[in-house]
Amino acid sequence: MITNKTLKLSIKSLREFAKKRLPDEVLIDLDAKDECPIEIVRHMCSPDKLGIQLLFIPEEFGGMGGGTFDVYCICEEMARIDLGVATSVLATFLGSDPITVGATPEQKKLWLTRIAEEGVLFAYGATEPEAGSDLGALRTTADPVVQDGRTVGYKITGNKQWISNGGVADVYTILANTPSGPSWFVVEKGAKGFTHDKPEDKHGIRLSNTAALALDNVYVDADRLLGGVEGQGLIQAQAVFGYTRLMVAAFGLGGGWAALDRAIPYSTKRIQAGAPLSEKQGYTHKLIVPNVARLEAARSYIEETALRIDAGEGSLNTEGAIAKYMATEAGNLAADASIQALGGYGYTHEYMVEKIKRDVRITTIYEGTSEIMEMTIARDCWQLHLKTRGQHYHDQAKKLEALHATHPHVGADIAALALHAVAETMEKARIARMTRHQHILLRLGELIAYAECAGSLARRAALMADNKLTEKANRRFDETALAAISRIFAREAALKAGTEGARWSIGAGGVSNNELPALETSLRLPAIHQAQAGLISDMDYVADVLYGRAAKHAEQAA
Ligand SMILES: Cc1cc2nc3c(=O)[nH]c(=O)nc-3n(C[C@H](O)[C@H](O)[C@H](O)COP(=O)(O)OP(=O)(O)OC[C@H]3O[C@@H](n4cnc5c(N)ncnc54)[C@H](O)[C@@H]3O)c2cc1C
């Protein structure tokens, strides 16, 4: 684990480096030229320069042994600079993950030490032209080469699609089918029969290199099979999903905040109808404040999950999916709203929010699309619902009601309403067998994610109030502001869980007309509507905080 001081120093160096080497004009130019600044990526990964990759390599292999929380902080910071460059750096994190979880001690020593000492760049080769969300459809094969009855190597043949760093990496981890099932192999650039296509002409993250790979009977020695046992590939990939999805979640968070942090200062200077836009409630309360609330709800969930992974609670794949889904969707909404917030200027290249919006778009696609996240969340949480006979989310809600008793201002009571509504909708879905409709299953995933994040943000606001937030946690907002943000988000989550719970239950034919009043009662719709009281004054307060007017307000009140 690295100390808070070291983490802050790493973030500071990253910021200083970006200020010098990647100012806006350079980013706009590289984006227009569709060019990956490979020397900058190498500088960032070089151990005697920025050495970002040292952070995630264990100390025994020459790294700094950073934990999940540390890597989330760095990923958010990189995303705030440029999501293309961030993707290129992350490709080494991702590419080496199958090694970190599945390799033999000798393989770990060889490859992780090379990353730490030589700054070698990795690419992660899972996706294929016919196998995207469904990796089970994998067609690349690794045929054993047998001599004297012993497997001495493999011949790999197939195609990989959309591989980040595909044209620039030194080393590739490639998923291929062996006779015993999917397995990871390490393939070095320049291997005979191994080629890459030209870089893809992409919508966004144009500073990252993405290329298709072709493997034509590429021979690797048997010691390039990670872990030395065939058929472990999908298990190894799964083992790090919680962690890797958190990193992409951090990208969504960083991208969303990068856009808002341009819209907020812009609106203080842009005068329309005699006053700055920042003073127009119809502007701040639509384009800025709700996006801040969604991003901070997602942050809360990311931080909670990162702490739990670092505490050894397992890979937390479902939690990673919730974090990725919420943060990347929130990042996209925030970037889109930021274009609107800058009006015509936002629609031009010069003001950057347009680029950020194109860049952040990828985060709901790679490392598992939003729809796959919804499915993962719903399926996993469905099991919890069944195992607890429908009590899982009621129990979580009760814990939040207890939190409300000690911390009445953090929105825990409203988050509890969201969770009760989710529990009731899931039960309705079970009785009426509504999840035979795939759409209902995925919508449940969305409602669960919102309700879980509302609970998490309420807990975070309470920890902040008790001065118990972890040392490395983000502290952009103080206790009062975080509580107001939590109440705003909890109201949105509760309204969504309640009204959409009703919508889909009725829409899927799970409720007859005479059952409607009972449905509304079970979903606690009157209480959810009542909980909207105070919303505008909370939004006013958060806008004041964002625009530095809160202190003035407090003085006036005094
Ligand atoms: C810029 C970029 C960089 C990338 N980098 C890498 C990398 O480094 N390494 C790597 O291995 N991969 C990489 N990928 C691939 C990425 O992970 C995949 O694109 C992603 O997993 C989706 O797969 P797909 O594109 O085949 O879409 P598909 O799986 O065909 O999905 C298309 C649409 O259908 C939906 N869908 C899919 N299945 C279902 C279902 N069962 N039910 C309902 N809806 C469904 C999806 O949500 C999506 O909206 C990258 C992709 C891009 C664009």
Side-chain angles (χ1 to χ4, degrees), residues 1-19 22 44-45 50-59 63-83 85-94 96-97 100 240 242-261 292 295-311 313 316 319-320 322-324 326-328 330-331 334 356 360 363 367 453 456-457 460 463-464 468-478 482:
M1 283 290 166
I2 65 174
T3 64
N4 190 31
K5 198 171 155 208
T6 311
L7 178 65
K8 296 285 172 298
L9 271 177
S10 301
I11 291 176
K12 190 164 167 261
S13 329
L14 192 53
R15 275 186 197 154
E16 283 167 2
F17 173 78
K19 211 168 146 194
L22 290 170
M44 290 170 80
C45 296
L50 259 185
I52 298 289
Q53 88 293 2
L54 292 176
L55 204 88
F56 71 93
I57 302 284
E59 282 167 298
M64 289 159 75
T68 315
F69 204 99
D70 304 313
V71 179
Y72 132 67
C73 293
I74 291 290
C75 282
E76 182 188 358
E77 200 55 42
M78 288 198 298
R80 291 179 69 93
I81 298 164
D82 179 85
L83 265 163
V85 171
T87 297
S88 204
V89 174
L90 186 79
T92 296
F93 292 29
L94 289 182
S96 59
D97 270 339
T100 311
V240 287
Y243 173 86
T244 56
R245 285 172 181 161
L246 271 195
M247 302 315 133
V248 181
F251 278 7
L253 188 62
W257 264 116
L260 286 182
D261 277 335
V292 167
L295 285 170
E296 288 308 295
R299 178 194 300 290
S300 176
Y301 206 83
I302 294 172
E303 291 199 352
E304 217 173 52
T305 306
L307 283 177
R308 289 177 58 196
I309 293 179
D310 284 343
E313 281 192 42
L316 302 186
E319 287 81 353
I322 291 175
K324 180 184 190 283
M326 292 299 287
T328 60
I356 297 170
V360 80
T363 61
E367 268 308 282
C453 284
S456 172
L457 187 51
R460 187 175 208 271
L463 284 173
M464 183 79 153
K468 285 189 183 154
L469 213 53
T470 179
E471 199 189 7
K472 292 176 185 170
N474 182 288
R475 285 184 165 71
R476 181 172 184 140
F477 297 101
D478 70 10
L482 201 63

field: Listed partners of Asp478 passing salt bridge (charged side-chain N to carboxylate O under 4.0 Å, His left out), at least two apart
entry: none

task: For residues Met326 and Tyr301, determine if any side-chain heavy atom of one lies less than 4.5 Å from a side-chain heavy atom of the other.
output: no

message: What I want to check is whether the side chains of Ser456 and Glu304 have a donor and an acceptor closer together than 3.5 Å.
response: yes

field: Thr3 and Thr6 side chains, donor-acceptor separation under 3.5 Å
entry: yes

query: Out of curiosity, Leu55 CG to Met64 CE, how far, rounded to the nearest 0.5 Å?
result: 5.0 Å

field: Results of salt bridge (charged side-chain N to carboxylate O under 4.0 Å, His left out) for Glu59 - residues two or more places apart only
entry: none

message: Taking Glu303 first and then Arg460, would you say they form a salt bridge - that is, a charged N and a carboxylate O separated by under 4.0 Å?
response: yes

message: Between Arg308 and Glu319, does the salt bridge (charged side-chain N to carboxylate O under 4.0 Å, His left out) criterion hold? Intermediate values first, please.
response: CA-CA 10 Å; Arg308 289 177 58 196; Glu319 287 81 353; 3.5 Å; yes

query: Is the NZ atom of Lys8 crowded by more than 12 outside heavy atoms at less than 6.0 Å?
result: yes

message: Any salt bridge linking Arg476 with Asp261? Criterion: basic side-chain nitrogen under 4.0 Å from a carboxylate oxygen.
response: yes

- request: Let me know which of Ile302, Asn4, Leu7 forms a side-chain contact (heavy atoms from CB on, under 4.5 Å) with Cys73.
  value: Leu7

- request: Would you please name every residue forming a salt bridge (charged side-chain N to carboxylate O under 4.0 Å, His left out) with Arg245, sequence neighbours left out?
  value: none

query: Is any side-chain N of the basic residue among Glu76 and Arg299 closer than 4.0 Å to the acidic one's carboxylate O?
result: yes

- prompt: How far does CZ of Phe93 sit from CD1 of Ile57, to the nearest 0.5 angstrom?
  reply: 8.5 Å

